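Data first, discussion second: the structure below is written as structure tokens.
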Amino acid sequence: MWDYSDKVKEHFFQPRNAGPLPEANAVGDVGSISCGDALRLMLKVDPETETIQEAHFQTFGCGSAIASSSALTEIIKGMKLDDALKVSNQDIADYLDGLPPEKMHCSVMGREALQAAIANYRGEEWSDDHEEGALICKCFAIDAVMIEDTVRANNLSTVEDVINYTKAGGGCASCHEGIEEILAKVLEERGETFKAVPVNLHKDAAPKPGKLTNLERIRRIEAVLESVRPQLQRDHGDIELVDVDGKTVYVSMTGACAGCQMEALTLQGVQQKLMEDLGEMIRLVPTRAGSLARATSQP
Amino acid sequence: MEGIYLDNNATTRVDPAVVEAMLPYFTEQFGNPSSLHSFGNKVGLAVKKARMQVQELLGAEHESEIIFTSCGTESDSTAILSALKANPERREIITTVLEHPAILSLYSQLEKEGYTAHYLKVDGKGRVDMDEYKRLLTDKVAVVSVMWANNETGSFFPVLEMAELAHAAGVMFHTDAVQAVGKVPIDLKNSKIDMLSLSGHKLHAPKGIGVLYLKRGVRFRPMLRGGHQERGRRAGTENTASIIGLGKACEMALAAMEHENTEVKRLRDKLEAGILAKVPHAFATGDVTNRLPNTSNIAFEYIEGEAILLLLNKFGIAASSGSACTSGSLEPSHVMRAMGIPYTAAHGTTRFSLSRYTTEEEIDRVIQVVPEIVAQLRKLSPYWGENGPSAEPEKDFAPVYA
């Protein structure tokens with residue numbers, strides 16, 4: 001079964017604002033072709049202030065689709081339409097303490113229903129510009145269409161290019177076969193043949209370690225964390241140094257990183273970087289009882 | 001054990017008697033069956049006994065036709081790849097659209113490597129067109145692989161007849177029988193089946209043990225080469241404890257065969273009839289008069305399977321679904337799509353698979369719980385009105401698809 005956060009489960013078992021809203025004056029009906037889920041979002045908008053007074057949903061879909069719908073209605077109630085349009089699918093996922101990468105499209109569906117409902121209210125035609133393909137990279141939730149488009153647009157020819165441009169394949173590396181197949185196909189279209197070259201997953205090899213003072217050591221650790229921070233922040237997360245005790249470095253994962261399915265992988269990557277930089281064994285330990293603890297405590 | 005386990009087509013609990021039979025082979029009987037000394041020799045004899053127990057259940061003519069492997073998937077791959085290596089000039093392969101990924105993914109990979117794969121289509125009940133099959137059986141075909149029973153619906157394919165036809169056309173025939181073995185009588189010595197795969201954990205043996213049946217005289221090329229284990233047909237030190245467990249499980253399955261086809265079948269029928277009597281807009285999928293005795297697959301229209309499973313789980317009931325969202329892949333069940341089940345129903349398909357441990361009380365409880373769950377989810381569904389599907393469900397709710 002999926003590793004759903006407690007918040008997802010709670011919103012699934014006790015969905016808020018479920019069922020029809022007869023007095024709705026904004027309705028958005030959207031579906032996700034990749035899994036057949038569909039959602040009707042109904043809003044009661046005050047025409048004077050353009051404020052969303054009521055938001056209801058009906059969803060044909062899985063646990064996370066229902067939870068995402070429920071979360072969306074809670075987020076947007078009381079918002080002005082223009083503010084509601086700024087709600088991103090990541091906001092919905094964050095509200096639910098994260099969604100499994102395969103389920104991020106459920107939150108995308110929620111955002112699209114919102115756009116469709118507001119377009120409906122304003123008498124506009126809503127059309128979708130986002131195409132979904134088969135999920136290739138499960139670490140970073142990147143699909144085939146996205147990879148193919150990027151390969152085409154940027155004339156990429158190696159797996160390493162794809163990692164650098166899309167992040168796909170930069171995690172556990174088990175999707176490299178799928179990425180190679182996409183590359184082979186696109187390369188053939190432009191009359192080239194795909195040649196496999198070894199992928200270097202550990203770039204920026206470590207500088208030579210010397211004997212460091214405690215202060216130097218902590219500064220180095222902070223510098224490494226600083227270097228990964230932009231990447232984490234791009235995914236709405238963050239990392240903070242809590243303490244250093246011998247070879248154990250305690251950190252706190254915050255934002256979207258907290259409870260993220262990829263937390264273990266992220267930590268592993270950061271730990272590797274620390275070890276390379278300091279030239280010694282380091283154990284990176286998250287101080288918060290997050291998904292890692294949840295995963296290990298489950299039977 | 002707590003909870004009501006109706007997901008026996010996914011995996012089964014290891015029978016306590018099987019565990020007991022296995023335990024000595026982790027401790028005092030640790031020898032390598034290939035060794036000459038008495039540490040190994042005794043284990044070798046126990047493996048031989050297990051081989052004969054499997055032979056008995058399959059109705060195989062010779063015990064040497066039984067090759068122990070690590071799982072059903074390994075047996076499938078070994079069989080198909082062997083047939084291709086043995087017939088290098090034949091570049092076509094046949095299977096059905098309803099197979100398990102263990103066959104379908106392999107076939108799609110073989111297509112990339114230049115083979116032509118034919119996928120037999122099915123009708124609304126999941127039955128193949130035998131005329132189409134006969135037309136495809138030419139001397140270009142290296143192997144046919146057809147599952148004995150479908151894992152989602154439990155429906156049978158006519159493998160005995162299909163094997164006869166393949167044999168007459170000079171084509172090798174393999175069947176993936178992981179769902180059928182132990183649930184229906186099998187008599188391989190009087191069939192034209194060349195190769196058969198089974199998996200231990202589907203019949204109360206542990207995970208990590210499987211069998212490839214290889215009819216004597218059928219040309220074979222091993223996938224794993226190395227030592228002389230399994231007469232050189234599957235190298236690698238034997239998983240002795242699991243082999244012995246599988247032997248015991250096969251003996252027990254044979255003994256329970258009548259129970260499976262009477263009592264388990266009765267409970268399955270009661271469950272299906274009980275649910276369908278109480279839940280409107282639901283129907284059983286597959287070929288319901290020609291299927292495994294333990295499987296019922298019900299499509300609940302206008303709701304989604306994962307949501308059903310999560311709520312069932314809350315009541316301690318374990319089942320499984322053909323919905324997209326329960327598979328990791330996001331693809332809706334290829335079985336339901338191939339049978340032409342509309343997606344508003346396909347997504348709500350729920351599989352209940354019983355075992356000889358299933359009790360009457362458990363079935364009564366499920367019949368009581370399922371209608372409540374379905375009603376609860378339908379209240380959330382945009383296709384559902386006050387007391388039934390909205391007047392024209394597909395028209396009243398026609399979302400924009402991304």
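Atom set for the values below is all heavy atoms of this structure, side chains included, hydrogens, waters and symmetry mates excluded. Note that this is a predicted model, so its numbers are computed, not measured. We name chains A, B, ... by the order of the sequence lines, and we start the count at 1 in each one.
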Parallel, tilted or perpendicular: which one describes the rings of B:W384 and B:Y302, with boundaries at 30° and 60°? tilted

Considering only heavy atoms, which portion of B:I308 lies under 4.5 Å from any heavy atom of chain A: side chain, backbone, both, or neither? neither

Measure B:L380 against the heavy atoms of chain A and call it side chain, backbone, both or neither at under 4.5 Å. both

Proximal component of A:S69, with respect to chain B [non-hydrogen, under 4.5 Å]: neither

Worked check of side-chain hydrogen bond (donor to acceptor under 3.5 Å, both in side chains) between A:N17 and A:K77: CA-CA 10 Å; A:N17 315 308; A:K77 255 201 286 183; 3.1 Å; yes

A:R40 to B:F397 six-membered ring, cation-pi geometry met (6.0 Å, 45°): no

Which label fits B:H204 and B:Y357: parallel for a plane angle under 30°, tilted from 30 to 60°, or perpendicular past 60°? perpendicular

